[in-house]
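One structure is given below, encoded as C-alpha cells.
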Amino acid sequence: MVGAIKDVRGKRIPNRLTYSGLIAALVVRTGLGGWTELRSGLAGMLFAGGIFFLLFLLGGMGGGDVKLMAAVGAWVGTAQVGILLIMSAIAGGLLAVGYVLVHKRMLQSLRNVVELVRHHLTEGFAPHPTLNVQQEGTLRLPYGLAIAIGNFYCVGNAFWWR
C-alpha cells in the first residue's frame, strides 16, 4: 500500500521500501517455514520480478515497479504469484483505460499501441525510441497502484475466501 501511495503521489517507489520489503518477506518466510518457505519466496520474487524486468527492458515499466513486484512476489511465494500477476495486470489495464479517458488521450493511446506492436514485431525486444517511460511527456501510469490491488486480491484469496 505504501508503494502505491508513493507511486501515485511522487511517481517514484523508493528503494528503501522495496529492498526492506523484500528482505522482510524472505526473513519472515524463513522464520515461519524454514528452507521450504524461503525457496517459495525466492521463486516468487524471481518469477514476478523477472516478468516485470522484461517489461522494463522493453521500456514499458519503471525500475521501481520491477523491484516492488519482486518484493510482493517474495511475500506471496509460489502459491499466489500467478494470481498476483494476473490480478495486477487486470487492475493495470483497467487503470490504464481510466487514465487515458481522464487525460483525454484515448485515440493517441490506441495509435501508440498499434505503433508499439508494429515496432516489436519488426525490431524485436529493442525499446521503442520515443514510446517508452523514459521520454518526456509520456503519460505514466502509477503501476504501484495496480500491484497493490493485485496484492489485496491475494490477501483476500489467502484469508477471507477460503
Do [X] and [Y] touch side chain to side chain, with heavy atoms closer than 4.5 Å?
X    : Y    : value
I51  : L85  : yes
M61  : V66  : yes
M106 : L101 : yes
F125 : L57  : no
N112 : H128 : no

(request) Drop me the distance from I13's CD1 to D7's CG, to the nearest 0.5 angstrom. (result)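 If we round to the nearest 0.5 Å, I13:CD1 and D7:CG are 4.0 Å apart.
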
Distance-only, no hydrogens or angles: does the [X] side chain make a donor-acceptor pair with backbone N or O of [Y] under 3.5 Å?
X    : Y    : value
S20  : L17  : yes
S40  : T78  : yes
T18  : N15  : yes
R12  : K6   : no
H119 : A126 : yes
W75  : G21  : yes
H103 : R105 : no

Should [X] and [Y] be counted in the same cluster of Ile, Leu, Val, Met, Phe, Trp and Tyr side chains packed under 4.5 Å apart?
X    : Y    : result
L46  : F53  : no
V8   : L141 : yes
W35  : M45  : yes
L107 : V100 : no
L26  : I23  : no

If you look at every heavy atom in [X] and [Y], which pair is closest and at what distance?
X    : Y    : value
M69  : L84  : SD-CD2, 3.6 Å
S88  : G150 : OG-CA, 3.6 Å
N151 : V76  : OD1-CG1, 4.0 Å
A148 : A4   : CB-CB, 3.7 Å
I149 : A91  : CG2-CB, 3.7 Å
L22  : A74  : CD1-CB, 3.6 Å

(request) Walk me through it: do L42 and R39 pass the test side chain to side chain contact (heavy atoms under 4.5 Å, CB included)? (result) CA-CA 5 Å; L42 288 170; R39 279 192 301 273; 5.5 Å; no

(message) Name the residue from F56, Y99, F52 that meets the ring-ring contact (aromatic ring centres under 6.0 Å, His included) definition with Y143.
(response) F52

(request) Output, in order, the C-alpha distance, side-chain angles, deciding distance and verdict of side chain to side chain contact (heavy atoms under 4.5 Å, CB included) for D65 and L55. (result) CA-CA 10 Å; D65 298 321; L55 295 171; over 6 Å; no

(message) Out of the candidates I83, V81, V72, only one should pair with C154 under the side-chain contact (heavy atoms from CB on, under 4.5 Å) rule; please name it.
(response) I83

(request) Take T30 and E37, measure what side chain to side chain contact (heavy atoms under 4.5 Å, CB included) needs, and give me the verdict at the end. (result) CA-CA 6 Å; T30 303; E37 286 300 315; over 6 Å; no

